[in-house]
Amino acid sequence: MLHVNENYARIKPTYLFAEISSRVAEHQKSGNAERIIRLGIGDVTEPLAPAVTAAMHKAVDDEAGRENFHGYGPEQGYQFLRDKIAEIDFAARGVDIKPNEILVSDGAKCDCGNIQELFSNDVKVAVTDPVYPVYVDTNVMAGRHDITLLRCGKENGFVPSPSSCDADIVYLCFPNNPTGAVATKAQLQEWVDWANAGKRLIIFDAAYEAFIRTDSIPHSIFECSGARTCAIEMRSYSKTAGFTGVRCGYTVVPSELCAYAADGTSVSLKAMWTRRQTTKFNGASYITQRGAEAIYSPEGMEQTKSTIDFYLENARLVREALASLGYEAFGGVDSPYVWVDVKGPSWDFFDRLLKEANVVTTPGAGFGAAGEGFIRISAFNSRENVLEAIDRISRVL
Ligand code: PLP
């Protein structure tokens, strides 16, 4: 008989966005809906930078001729992109990451989900609560049961401390989705010291790194001393450069990073991740990687920065509007997400904004129990829509 992986029955149904869609559809059917403004799902709205599309058009021309045609590329990514990442994302910030420690992929979601394959099923995992659900669900699918939730609330500024954490692996994401919180270097250093002291691992998701504008906030876990022996970092071009539909990101695994076999022998995680990717992944497309390379050109950097500045201004407008209405609003400074204390059940507040303001947000309870009492408002929308949403919300509240 064909047996299924019963761990799939242990994953919570993808309740959140399905439930939001069904409530929005219900509201639209009621006949009371004006034009709906969506500040819910974290997808970008601004188009790709001209420098990126020009590079992609040129890459299409390469593929159209015999001279520069590219078939299968290196599974780990083209050297031209890995070199630029090492130079601009890391060396320019004083961080020593070698191009061969960078593995290009088709986005951070896959890498965040796949990385757990490298570890035994009895490792203890810790995640924040609220959390980006991929970290939890992929570990549950793999059959892991020991998953600790690290509460992130107002009392700790939405940044957990390692003091009572006895996990083998912790997933940290800063700037955070959904809370918009950032971690200081001292806070990340505490986690690095904790990890090194116990042969543990930090999986650091820096998907929103490009939104950091506060100088003292680290962009990479590798800005902390000792992180090379205890951390893996994921990056994504989705929010950095509007690549949600193009698909590209990368994972950094330092050469000296190890995990241990049952007999105590150390095993290189870079070698394992390279083996995993070269076996199960055939590389991001040449056209995509040429587009990603163009993000690092002077024009590409300027254009992508101006788009992020635009979203950050949206975030500021939302945060300040909510604050002026008497709501405590967090995040939205070095992050595209504003996390609002709604002083009551998050689904009720969501319904009120949907039904009375025709604005879609995301109820915090959908990201975990500690998200109850908050909603996430995303800054990914046009200025016109953000201003209109603020106006409608102000009238309702
Ligand atoms: N990590 C976090 C925290 C995210 O919020 C997202 C997307 O929303 C991702 C990773 C996925 O990024 P990508 O589009 O590169 O798969």
Side-chain angles (χ1 to χ4, degrees), residues 14 16-17 20 38-46 48 52 77 81 85 89 102-116 126-139 150 152 158-160 170-183 188 202-212 219-221 231-252 277 281 283-285 288-289 291-292 295 304 307-308 311 315 331-332 334-339 361-362 364 366-368 371 376-381:
T14 44
L16 180 60
F17 290 106
I20 290 174
R38 292 172 198 274
L39 301 178
I41 295 178
D43 196 0
V44 294
T45 51
E46 291 299 296
L48 295 170
V52 168
L81 179 56
I85 294 169
D89 284 345
I102 297 160
L103 283 91
V104 175
S105 70
D106 58 356
K109 186 179 191 176
C110 307
D111 288 0
C112 289
N114 293 328
I115 197 78
Q116 50 73 31
V127 297
T128 58
D129 177 10
V131 69
Y132 176 57
V134 174
Y135 316 142
V136 180
D137 290 354
T138 54
N139 276 288
L150 305 166
C152 294
F158 308 97
V159 180
V170 65
Y171 288 76
L172 296 177
C173 170
F174 293 106
N176 187 262
N177 178 12
T179 65
V182 287
L188 292 183
I202 298 168
I203 297 177
F204 191 73
D205 184 345
Y208 296 93
E209 163 278 331
F211 290 80
I212 298 173
H219 290 232
S220 166
I221 191 78
I232 288 175
E233 179 165 307
M234 277 90 189
R235 294 269 186 114
S236 165
Y237 295 113
S238 286
K239 314 297 157 80
T240 304
F243 271 45
T244 50
V246 176
R247 313 299 311 138
C248 197
Y250 64 86
T251 286
V252 178
Q277 290 299 79
F281 178 60
S285 79
T288 296
Q289 292 188 63
I295 297 167
T304 49
T307 302
I308 291 174
Y311 291 132
D334 293 302
S335 155
Y337 298 124
V338 181
W339 188 241
T361 56
T362 311
F367 297 101
R376 188 190 76 175
I377 304 183
S378 147
F380 295 119
N381 216 313

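Just so we're clear, the structure is a prediction, and the values are computed from it rather than from any experiment. As a basis for the values below, the full set of heavy atoms in this structure was taken, side chains included, without hydrogen atoms, waters or symmetry mates. Just follow the structure's listing: the first ligand is 1, and inside any ligand the first atom is 1.
Shown here are the side-chain contact (heavy atoms from CB on, under 4.5 Å) partners of Phe281, two or more places apart in sequence or in another chain: Ser105, Asp106, Gln277. With sequence neighbours left out, Phe243 forms a ring-ring contact (aromatic ring centres under 6.0 Å, His included) with Tyr237. Every residue two or more places apart in sequence or in another chain that forms a side-chain contact (heavy atoms from CB on, under 4.5 Å) with Glu209 is listed here: Ala206, His219, Arg235.
Inter-residue side-chain proximity for Thr179 and Pro130 is flagged as met; some heavy-atom pair is nearer than 4.5 Å.
Partner Asp205 forms a side chain to side chain donor-acceptor pair (under 3.5 Å) with one of Tyr132, Tyr135, Tyr171 and no other, that one being Tyr135.
The immediate protein surroundings of ligand 1, defined as residues with any heavy atom under 4.0 Å of it, consist of Gly107, Ala108, Lys109, Tyr132, Tyr135, Cys173, Asn177, Asp205, Ala207, Tyr208, Ser236, Ser238, Lys239, Arg247.
Counting all heavy atoms, side chain and backbone alike, Ala241 lies closest to Ile295 at CB-CD1, 3.4 Å.
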